[in-house]
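The block underneath contains the structure these notes are about, expressed in structure tokens.
Naming: A, B, ... by sequence-line order, numbering from 1 per chain. Please read all numbers here as calculations on a predicted model, not as lab measurements.
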Amino acid sequence: MSGLLEVINLKVCFKTESGVVKAVDGVSFEVFEGERFVLVGESGSGKSVLAQAILRLLPKNAEIEGKVIFEGRNLLELSEDEMRKIRGKEIAWIPQSQTALNPVLTVGFQCAEPLMEHFGMKRSSALAKILGIFDFLGIGGRAEDYPHQFSGGMRQRVLVAMGISAEPRLIIADEPTKGLDAAKRGQVAELFQRVDKTMLIITHDLQFAESLADRIAVMYCGEIVEISSAKDFFSNPLHPYSQGLLNSLPSRGLKPIPGFQPSLVNLPKGCRFRERCWLADDRCKERPPLARVGDRLVRCWMYD
Amino acid sequence: MIEGRGLRKVFKSGIFRNKAVVAVDGVNVRIDEGEAVALVGESGSGKSTLGRILLMLIRPDEGKVVFEGIELTKLKGKELRRLRTKMQLIPQNPEDALDPRWRLYDSVAEPLRVHGLCDKNEEEERVLELTKAVGLKEEHLGRYPHELSGGELQRAVIARALALNPKFLVCDEPTSMLDLSTQATVVRLLMKLQRRMDLAILFITHDVELAQIVGDRVLSMAEGRIANSVVC
Ligand SMILES: Nc1ncnc2c1ncn2[C@@H]1O[C@H](COP(=O)(O)OP(=O)(O)O)[C@@H](O)[C@H]1O
Ligand SMILES: Nc1ncnc2c1ncn2[C@@H]1O[C@H](COP(=O)(O)OP(=O)(O)O)[C@@H](O)[C@H]1O
Ligand code: SF4
Ligand SMILES: [Mg+2]
Ligand SMILES: [Mg+2]
């Protein structure tokens with residue numbers, strides 16, 4: 001296995017009236033060919049910004065540093081034209097926002113259109129392919145409808161269908177289960193399992209993550225605090241924040257993590273989890289490095 | 001405490017009101033004082049409609065709602081409004097329950113003002129007490145909804161719902177828009193308040209595990225009916 005996507009020391013900040021928001025602060029990881037890499041963390045931890053930085057979808061007030069290597073090229077140095085070719089064809093983006101759908105086109109047609117455009121498929125075969133995916137997602141028979149005729153959950157499924165239909169090298173999905181009920185979340189997980197593609201999936205839904213991840217990265221306050229195989233993560237999470245997240249699952253006792261995530265404008269010095277950590281000591285006033293523990297990575301002094 | 005008997009609600013839609021959806025189809029349900037009942041079921045199964053019928057926010061087509069021995073389905077206007085203060089809703093989106101133009105203080109104080117329950121000093125005292133009870137800080141009271149996180153907003157909604165000392169609370173997927181760790185905080189808070197205030201609660205969720213933790217009983221709903229009931 002080799003890295004299809006490599007993110008190196010990526011930093012994204014926004015200049016705002018209330019100060020500089022450090023949304024992504026020195027993130028590095030690799031997504032290997034064929035794996036499903038899942039990024040978890042609370043909302044506001046920088047997951048969407050990270051994904052949008054990889055695809056260069058951020059607004060102009062974003063300042064980006066670092067490297068994003070995809071198939072040997074640094075995406076952050078490509079021209080907008082080259083980038084457009086990569087988005088949609090080589091890297092599919094399944095956005096979080098359902099407003100991404102065009103209100104005046106039928107959902108079937110707007111899913112089929114990229115297939116006709118990028119791959120020269122005939123209209124009929126593109127539509128047939130889309131119908132197959134719609135069927136599986138439980139929206140078969142609705143291809144002639146317009147987005148406003150769909151509930152939020154159904155629009156989400158249309159976006160999922162659109163993203164996987166082009167059979168890209170890499171799929172990046174942002175919260176693909178947001179707003180879906182348990183049964184539908186299960187269907188999305190099943191669909192993602194069936195698609196044999198390299199994936200970077202962002203979610204704060206741990207049950208969804210567990211059902212399909214090969215590896216898990218945990219984000220907290222713009223940093224990655226742990227990278228582990230899914231099996232290790234769910235059976236023996238290393239970072240105290242990872243442990244806290246898992247313990248807040250209803251199936252594991254519904255125990256809240258004390259306190260709140262600090263503001264990204266005024267980050268605490270040292271370990272960013274310190275104010276909420278039950279194991280914090282004096283050492284934690286220094287910022288811990290992302291250190292290797294066996295084949296896992298963890299940002300916590302306890303494992304130093 | 002609160003009871004629904006033979007409840008039925010059909011929604012008519014379409015241009016000629018020719019499409020009918022039976023949202024609630026002959027439901028009997030009873031919640032005792034201090035009891036937490038969880039209601040699970042897939043989306044579209046009628047959970048929200050049933051919750052809103054019990055609060056009399058939706059009138060049933062058939063059946064009756066009885067609250068503390070009084071048949072609400074027979075009441076109108078003023079009498080109903082007076083009893084409704086004893087029954088509150090915590091909705092899925094906290095934004096739906098708070099006015100975006102108001103500071104948090106005013107949102108929490110509003111029910112007290114509407115019912116003319118106290119003077120300025122008492123109001124302030126009560127708002128602070130409620131704020132503390134839900135784990136918010138005084139500094140939050142000066143903020144507008146967009147300046148608060150989802151978890152903070154949902155706490156504010158709970159504070160507002162508790163202002164009039166309700167006896168019955170319908171929580172309609174109150175944490176489905178929140179992060180996992182925030183969900184745990186908010187649910188634990190609701191469970192604590194429920195015990196302290198002896199509230200009857202209908203907790204609607206589609207998470208069966210969550211339902212089992214929160215509910216003394218779990219009802220499951222499918223296609224407008226209560227499919228089964230399990231004591232936890
Ligand atoms: N365009 C922007 N300008 C300023 N701040 C932003 C912008 N986009 C995102 N942020 C901030 O960056 C942080 C991370 O956001 P995001 O990546 O959306 O979090 P997540 O996806 O983990 O919920 C948040 O504090 C958010 O408010
Ligand atoms: N105001 C309404 N007008 C028409 N149909 C409605 C209305 N409210 C709910 N329904 C329909 O009633 C059924 C039950 O809805 P709801 O009670 O919201 O279910 P749940 O809360 O379990 O998701 C659904 O088919 C829904 O589309
Ligand atoms: S470095 Fe210290 S404060 Fe941070 S997670 Fe580890 S023990 Fe807790
Ligand atoms: Mg996001
Ligand atoms: Mg509902």
Check: Do the non-hydrogen side-chain atoms of B:Glu209 and A:Leu254 ever get within less than 4.5 Å of each other?
Finding: no

Item checked: Enclosure of B:Glu139 CD (heavy-atom neighbours >12, cutoff 6.0 Å) -> yes

Checklist line | Atom CZ of B:Arg59: over 12 foreign heavy atoms under 6.0 Å | finding: yes

Notebook entry, point to check: How far does CG of B:Leu180 sit from CG of A:Asp205, to the nearest 0.5 angstrom?
Noted result: 8.0 Å

Item checked: Atom CD of B:Glu138 with >12 non-hydrogen neighbours under 6.0 angstrom -> no

Notebook entry, point to check: Between B:Ile213 and chain A, which part of the residue has a heavy atom less than 4.5 Å away: side chain, backbone, both or neither?
Noted result: side chain

Checklist line | Heavy-atom closest contact (B:Ala184 atom, A:Lys255 atom, distance) | finding: CB-C, 4.0 Å

Next item on the list: Test side-chain contact (heavy atoms from CB on, under 4.5 Å) on B:Ser181 and A:Glu42 and set out the steps.
Entry: CA-CA 8 Å; B:Ser181 59; A:Glu42 277 167 276; 2.9 Å; yes

Next item on the list: Run through B:Leu210, B:Thr205, B:Val214 and flag the one making a side chain to side chain contact (heavy atoms under 4.5 Å, CB included) with A:Pro250.
Entry: B:Leu210

Check: What is the minimum heavy-atom distance between B:Asp179 and A:Ser43, and which atoms define it?
Finding: OD2-N, 2.8 Å

Note to self: Need one label for A:Arg185: side chain, backbone, both or neither, based on atoms under 4.5 Å from any heavy atom in chain B.
What the structure shows: side chain

Next item on the list: Report, as yes or no, whether the 6.0 Å neighbourhood of atom CZ on B:Arg143 holds more than 12 heavy atoms from other residues, nucleotides or ligands.
Entry: yes

Checklist line | Interface moiety of A:Gln207 toward chain B, non-hydrogen atoms closer than 4.5 Å | finding: side chain

Check: Between B:Gln183 and A:Pro256, is any pair of side-chain heavy atoms under 4.5 Å apart?
Finding: no

Checklist line | Heavy atoms from other residues, nucleotides or ligands near CD of B:Glu223 exceed 12 (cutoff 6.0 Å) | finding: no

Checklist line | CD/B:Glu125: more than 12 non-hydrogen atoms of other groups inside 6.0 Å | finding: no

Check: Taking A:Ser248, A:Gly253, A:Pro258 one by one, which has the highest count of heavy-atom pairs under 4.5 Å against chain B?
Finding: A:Ser248

Next item on the list: May I ask you to check whether over 12 heavy atoms, not counting those of B:Glu110, lie within 6.0 Å of atom CD?
Entry: yes

